[in-house]
Amino acid sequence: MAALHDRPPAVIAVATAVVGALIALVLGLVTFGVQATAHPDGVPLAVAVGADAPPQLRGVADKLAGSGAAEVSWRVATPGEARDLLSRQEVYGVLELAPGGATVVLSGAVNPSGTQVAQQVLGGVAQGAGMKAEVVTLDPASAAGRTAPLAATALLWIAGLVAGAAFTVLARRETAVGRLTGVAATTVLGVAVVAGFFALWDSSLPLDRDVLGYLALVGAAFALVQGALLRLLGLRAMALLGPLYLIAPAVAGQVPELIDPVYRALLWSWTPFRFSTEGLRALLHGGSLDTAQVWVFVGLAVAGLVVLLLPGEEGQPDLADGVVDVGVDQADRLPGAQRQHTA
């Protein structure tokens with residue numbers, strides 16, 4: 001059977017076009033498809049009324065909680081309880097009802113997509129009830145603060161990806177020491193780049209030990225996993241690692257309640273980008289990390305390190321130029337050399 005490159009140019013053109021279309025199909029499904037099918041499904045919101053609120057306001061809160069709308073999941077609480085739920089990101093916004101009017105309470109520590117939906121829904125509810133709503137944002141975030149968590153995740157991934165692929169192409173002899181040296185250098189330089197952007201975009205963003213340490217953990221985990229796959233598969237691993245970079249903004253940039261259930265199960269449920277994005281967002285706003293936001297990357301780092309340290313064949317010399325390195329002793333034992341010594 002003739003190889004593809006031996007076939008007529010027209011056949012090669014059709015085959016390459018089919019490959020391009022298939023790649024476009026897959027990337028469209030896992031990137032733009034997530035955004036195109038986004039819709040609210042059980043977005044957690046709270047409606048707050050005081051213990052001494054008039055019966056009319058209590059009735060409004062109870063009516064919202066019992067509305068049964070699939071797009072929103074309501075919780076009724078006191079103002080203090082509701083704000084506590086918001087600080088723990090168990091709800092994305094709070095509608096506080098009082099005799100003097102309504103207050104929409106948001107948080108800069110919540111994923112911006114969740115905040116945007118919460119503001120639209122809560123403002124619409126207040127307007128529908130004939131109340132003027134004031135918007136209050138707790139822990140307000142600048143544009144840079146909203147962008148930084150996702151940007152840092154994507155930049156650390158691409159730094160490790162490019163460095164690992166370049167090492168695979170350029171290194172004649174791949175060794176564990178070489179790979180680990182590359183991982184360490186990539187982590188340090190990647191964190192330095194991200195920290196530099198943070199300082200450039202918004203000097204008020206914290207760059208303390210917790211933030212830099214978490215960036216280093218994420219960067220090292222990414223680089224170790226990428227290095228492990230590149231060691232096992234060579235440059236073929238780029239077919240997996242490259243598209244993952246494109247998934248990050250589409251999946252990690254959304255709260256799960258806005259992602260279609262199919263994408264939520266197939267992509268959002270396992271992607272590490274959502275853990276690093278939300279973990280870094282919490283640290284930038286004075287919060288703390290969840291257990292999963294740490295141990296996911298510890299696990300990735302350990303798995304990648306184990307693969308890189310597994311014994312295997314050392315890289316062979318590049319024989320493309322026909323030169324084989326032989327020692328002096330071996331050269332002396334070649335037949336021609338023996339005849340010369342005999343003479």
Side-chain angles (χ1 to χ4, degrees), residues 23 26 30 152-194 212-248 251-252 266-277 279-280 289-327 329-330:
I23 293 175
V26 173
V30 301
T153 295
L155 291 173
L156 290 174
W157 180 265
I158 199 65
L161 182 62
V162 172
F167 180 85
T168 302
V169 172
L170 298 176
R172 290 191 174 215
R173 299 177 67 89
E174 291 190 25
T175 63
V177 173
R179 281 285 186 191
L180 293 177
T181 301
V183 168
T186 299
T187 300
V188 171
L189 295 176
V191 171
V193 168
V194 171
L212 295 177
Y214 190 62
L215 287 173
L217 172 63
V218 173
F222 284 169
L224 285 167
V225 168
Q226 292 163 345
L229 289 175
L230 286 165
R231 181 194 177 187
L232 295 174
L233 304 176
L235 288 180
R236 293 187 297 272
M238 295 295 290
L240 172 64
L241 298 173
L244 284 176
Y245 167 71
L246 301 176
I247 293 175
V251 176
L266 296 181
L267 295 179
W268 183 89
S269 61
W270 60 266
T271 178
F273 302 120
R274 70 179 179 92
F275 294 102
S276 55
T277 299
L280 186 55
L289 297 169
D290 290 340
T291 303
Q293 291 167 347
V294 174
W295 285 105
V296 162
F297 296 101
V298 172
L300 289 175
V302 170
L305 183 62
V306 168
V307 173
L308 291 181
L309 293 179
L310 285 176
E313 294 184 1
E314 295 290 337
Q316 298 299 317
D318 187 356
L319 303 181
D321 53 6
V323 177
V324 179
D325 183 20
V326 296
D329 294 339
Q330 287 91 338

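Within the model, atoms CG of Leu289 and CZ of Phe297 stand 10.0 Å from one another, a figure rounded to the nearest 0.5 Å. Expressed to the nearest 0.5 Å, how far CZ of Arg236 lies from CG of Leu241 amounts to 12.5 Å. The structure places CZ of Arg179 at 11.0 Å from CG of Leu224, a figure rounded to the nearest 0.5 Å. A distance of 11.0 Å separates CD1 in Ile158 from CG in Leu156, rounded to the nearest 0.5 Å.
Considering only heavy atoms from C-beta on, Leu309 comes within 4.5 Å of Leu180 through its side chain. Residues Leu215 and Leu280 have side chains in contact (heavy-atom distance under 4.5 Å, counting atoms from C-beta outward). Between Leu300 and Pro272, some side-chain heavy-atom pair lies under the 4.5 Å cut-off. By the 4.5 Å heavy-atom criterion applied to side chains, Val218 and Phe275 are not counted as neighbours.
Every residue meeting the side-chain contact (heavy atoms from CB on, under 4.5 Å) condition with Val169, not counting sequence neighbours, appears here in chain and number order: Leu235. Residues passing the side-chain contact (heavy atoms from CB on, under 4.5 Å) test with Thr277 are Pro149, Leu150, Thr153, Ala252, Arg281, sequence neighbours excluded.
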(request) Start with the C-alpha gap between Leu246 and Val30, add the side-chain angles, then the distance that decides, and say whether side-chain contact (heavy atoms from CB on, under 4.5 Å) holds. (result) CA-CA 8 Å; Leu246 301 176; Val30 301; over 6 Å; no
(message) If you apply the rule ring pair (Phe, Tyr, Trp, His ring centres under 6.0 Å), what do you find for Trp157 with Phe222, and how did you get there?
(response) CA-CA 6 Å; Trp157 180 265; Phe222 284 169; 5.0 Å; yes
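Residues Leu161 and Gln226 come closest through the heavy atom pair N-OE1, 3.0 Å. Between Leu310 and Arg231, the closest heavy-atom pair is O-NH2, 2.8 Å. Contact between Gly279 and Tyr214 at its shortest, heavy atoms only, is C-CE2, 4.0 Å. When every heavy atom of Val177 is checked against every heavy atom of Thr181, the shortest pair comes out as O-OG1, 2.7 Å. Here the shortest heavy-atom pairing between Val294 and Leu217 reads O-CD2, 4.0 Å. When all heavy atoms are compared, the tightest approach of Val194 to Ala152 is CG1-CB, 3.6 Å.
Between the Thr271 side chain and the Trp268 main chain, no donor and acceptor come within less than 3.5 Å of each other.
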